[in-house]
Structure formats: structure tokens, C-alpha cells
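These notes are about the structure you will find just below.
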Protein chains: 2
Amino acid sequence: MDDRRDSLLLDDQLCFALYAASRAVTGLYRPLLDELGLTYPQYLVLLVLWENGDCPVKDLGAALHLDYGTLSPLLKRLEATGLIRRERRPEDERSVRIALTEQGLALREKARDVPPVIGEAMGLPPEEFDALRAALRKLTSSVTAYLG
Amino acid sequence: MDDRRDSLLLDDQLCFALYAASRAVTGLYRPLLDELGLTYPQYLVLLVLWENGDCPVKDLGAALHLDYGTLSPLLKRLEATGLIRRERRPEDERSVRIALTEQGLALREKARDVPPVIGEAMGLPPEEFDALRAALRKLTSSVTAYLG
DNA sequence: CCAGCTTTAGTTGTGCACGATGTAATCGTG
DNA sequence: CACGATTACATCGTGCACAACTAAAGCTGG
């Protein structure tokens, strides 16, 4: 009855803790990514490309849980800065393949400096880091299962 | 050296787990808040007002970690829907007091149905709920301390 | 008193997020 | 093979977030 999960008090809400933490961490990335000429979602797109190689827009959306309405303009901006190319695939003209350029590939080396700084600022020991990440994944999968 | 915190792999990143969880939870609120005619940030503003009563814009910003650039237009929209009033305070003409209207106050009763549904969908037992919230707060405070 | 500082808020511009809608290419099925 | 359904992506409109800039009100020291 007095379960904090059912309260309307701001500080009882997990959702607010999540929202605040997410924005704080994005703000932590901002100055580092500014030096690379990237925004945070653009950085996430490049993480996927660096890890998995070139792929269609659809796969980026699946990896990042983002739709075309978000990705299409974002990818246009990444193309404008010369980090990626967008090429219609001959086998299937509906599909657009996102390919890293030389510049986009080279940026990976500069990006290697980012995670250590972030880890430092978060100030979490490895066990807490892993536990928090696991809890967040569980939450995301519960919620998406509920919505799906 | 092979600390996952220093990797460039998407799934190793706490930041992505956080980003994905935050958007998933916001998406969980969306259909419920649609029925109240609210967006998620607007709901957070009302939580503060319901809890603490009328207050200047500055206090809302402090409670939610949001700046005027975000709040000013948001509050204008809340005023347009009739849930709040914005009144310059005579004592200090710089300050704008945000006051709940009758409608805004009445909406609280409808909002009481929201948290139980959210808690259900999250599927976390109380201990995990509390632990996750505590971890997120710690993270937020580490990060903001580092940035401040 | 008043020059200069701080506080409070608003405005503008950029870039996400996401729902709704549009379109062209491909696929499936009779 | 025709043709309706599906797929992959783009576009548009709304509403955050946040940086940079403006402006008005209040305070403060000389």
C-alpha cells in the first residue's frame, strides 16, 4: 500500500532516477565527443559500424532501438561530415548500405581515449558497473516485452 | 587492460544500457500519459508541483535538472492546456511563479493509476527496484560532481 | 546614487526521438 | 504474370534538451 513504487513522489520514482542519470551521462560525453565532432547518438552509430562493419540502416536501427525517423537525418549529417557514405544496394534497391569512410574508420583511434575518461568519472567499481548494466538490461527487456 | 569499461563495444557500454533503458521506460509511460494529455517531461513537472506546491521556474529546474531553455516552452504548453498558470511575482519581477490550476490539481487523481501499471511492466521485485534506483542516484551524483 | 555585477527568465538554433504519412522496390499468392 | 501486401527508407510535425545570447530586475560597493 505504501510501496514506493506506487507513489507520486518524484524521488520515489525509478523513472526519474533513470532519466536524470541518462542525461547526466550524455552530458559527460558531450565535451569529449565535441572534440571528435560527434553527438552522442552519432557516436553510438559509429560504435556499431566500428564493431560490426558496414551494414544497412535497418541493422543500425535494430542495434540501437532507433527508427528511421531518427536515423535518416542523423546519417545524412554523418555523411555531410564525411564519416560515412550512403549507397543504395544493387541487389535490393530499397536498402541503403551505410559504409565507413577512411575518416570514419580513422576516428576510431581517437575514440579509444573516451571510455577510460567516462569510467573514471562514473566512479563505479567493476562489480557495481556490471551489476548496474545487468539490471538496466533486464529492465529494458521487461519493458520492451511488455510493450511488444 | 581488457576491462569492459574501456572497450568500444556497444554491449559493454553502461552508457548504452542507460540510454536504451531510459527510452524504453519513457515509451512505457507514453500511452498512459497520452490519456492524461501529458508528455513525460510535463508529467515530471506536475509531480514536483503536486508534491511541493506552487514554485518559481528556478525550483522546477533544480528539482528536474532542467534549464530554462527546456522549461520555458514546456511551461507555456502546460499553460495553454490549462493545467498551470504563470504569474510574475510582485516582490521580484524577475521571478515567474508556476501555479497549478483547478484542472492541474484535479489531474493528480487520474495520475494515481499510472505508477502501478509502470511497476507491473518493469517486473522488478522491491529489492531490485530500490537497488537500481540507489545505483542510478549514485551514478548521477558522481557524474554531476565530476562535471561541476 | 549609480556603475557594474548577479539572478531570473526568455529566445534562437541545432539535433535528437517518435508518431504519422508517403513512396518506391520487392515479395507472395492465386 | 498480375496485384495486393510487405519491406526499407524518407519526410513532416511536435516536443524535448542544451548551448549561446539577450534582457530586465535587483543588489552592492565606492
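In the text below, chain A, chain B and the rest are named by the order of the sequence lines, each starting its count at 1.
The nearest whole Å value for the distance from the CG atom in B/Leu66 to the P atom in D/dC16 is 10 Å. To the nearest angstrom, C1' of D/dA19 lies 19 Å from NE2 of B/His65. Atom CG of B/Asp59 and atom C1' of C/dT7 are 13 Å apart (whole Å). Here the P atom of nucleotide C/dC16 and the CG atom of A/Leu64 are 12 Å apart, to the nearest Å. In this structure, A/Ile98 places its CD1 atom 14 Å from P of D/dA8, rounding to the nearest Å. Here C/dT26 presents its C1' atom at 13 Å from CZ of A/Arg88, a figure rounded to the nearest Å. Summarising the geometry, the separation between CG on B/Leu33 and P on C/dC18 is reported as 14 Å, rounded to the nearest angstrom. Remark: P of C/dC18 and OH of B/Tyr29 are 16 Å apart, rounded to the nearest angstrom.
Residue-to-nucleotide proximity on DNA chain D shows that, of B/Glu93 and A/Ser95, the 5′-proximal contact is made by A/Ser95. The residue among A/Gly69 and B/Leu74 whose nearest nucleotide of DNA chain D is located toward the 5' end is A/Gly69. Mapping B/Arg30 and B/Asp92 onto DNA chain C by nearest heavy atom places B/Asp92 closer to the 5' end of the strand.
Using a cutoff of 4.0 Å between basic side-chain nitrogens and carboxylate oxygens, A/Glu79 and A/Lys76 are not scored as salt-bridged.
Remark: A/Tyr40 is not in phosphate contact with C/dG15, judged by side-chain N or O atoms under 4.0 Å from OP1 or OP2. Considering only side-chain N and O atoms, A/Lys76 lies under 4.0 angstrom from the phosphate OP1 or OP2 of D/dT11. Between A/Arg86 and D/dA10 there is a side-chain polar atom (N or O) within less than 4.0 angstrom of OP1 or OP2.
Between B/Tyr43 and B/Trp50, the angle of the ring planes goes over 60°, which puts this pair in the perpendicular group of the 30/60° scheme. Ring-plane geometry between B/Phe16 and A/His65 is classed as tilted, the angle between the planes lying from 30 to 60 degrees on a 0 to 90 degree scale.
Taking only side-chain atoms of B/Asp67, from C-beta outward, the nucleotide of D/dA19, D/dA8, C/dT8 with the closest atom is D/dA19. Among the nucleotides D/dA8, C/dT8, C/dG10, the one closest to any side-chain atom of A/Tyr68 is D/dA8. Out of C/dC18, D/dC18, D/dG15, the shortest distance to the side chain of B/Arg77 is found at D/dG15. In the set C/dT26, D/dA25, D/dG15, D/dA25 carries the atom at the smallest distance from any side-chain atom of B/Arg94.
A/Leu71 comes within 4.0 angstrom of no nucleic acid atom, judged by non-hydrogen atoms across all strands. Within the 4.0 angstrom heavy-atom criterion, base atoms lie near A/Thr70. No engagement by B/Arg89 is indicated, since no non-hydrogen atom pair under 4.0 Å with the nucleic acid exists. Residue B/Thr39 is in sugar-phosphate contact alone, with no base atom involved, counting any heavy-atom pair closer than 4.0 Å across all strands shown. No contact: B/Pro73 has no heavy atom under 4.0 Å from any strand.
Around atom CD of A/Glu102, no more than 12 heavy atoms belonging to other residues, nucleotides or ligands sit under 6.0 Å away.
Distance check: A/Leu71 CG to A/Leu60 CG gives 6.0 Å after rounding to the nearest 0.5 Å.
Annotation: cation-pi pair B/Arg23/B/Tyr19 present, NZ/CZ under 6.0 Å from the ring centroid and within 45° of its normal.
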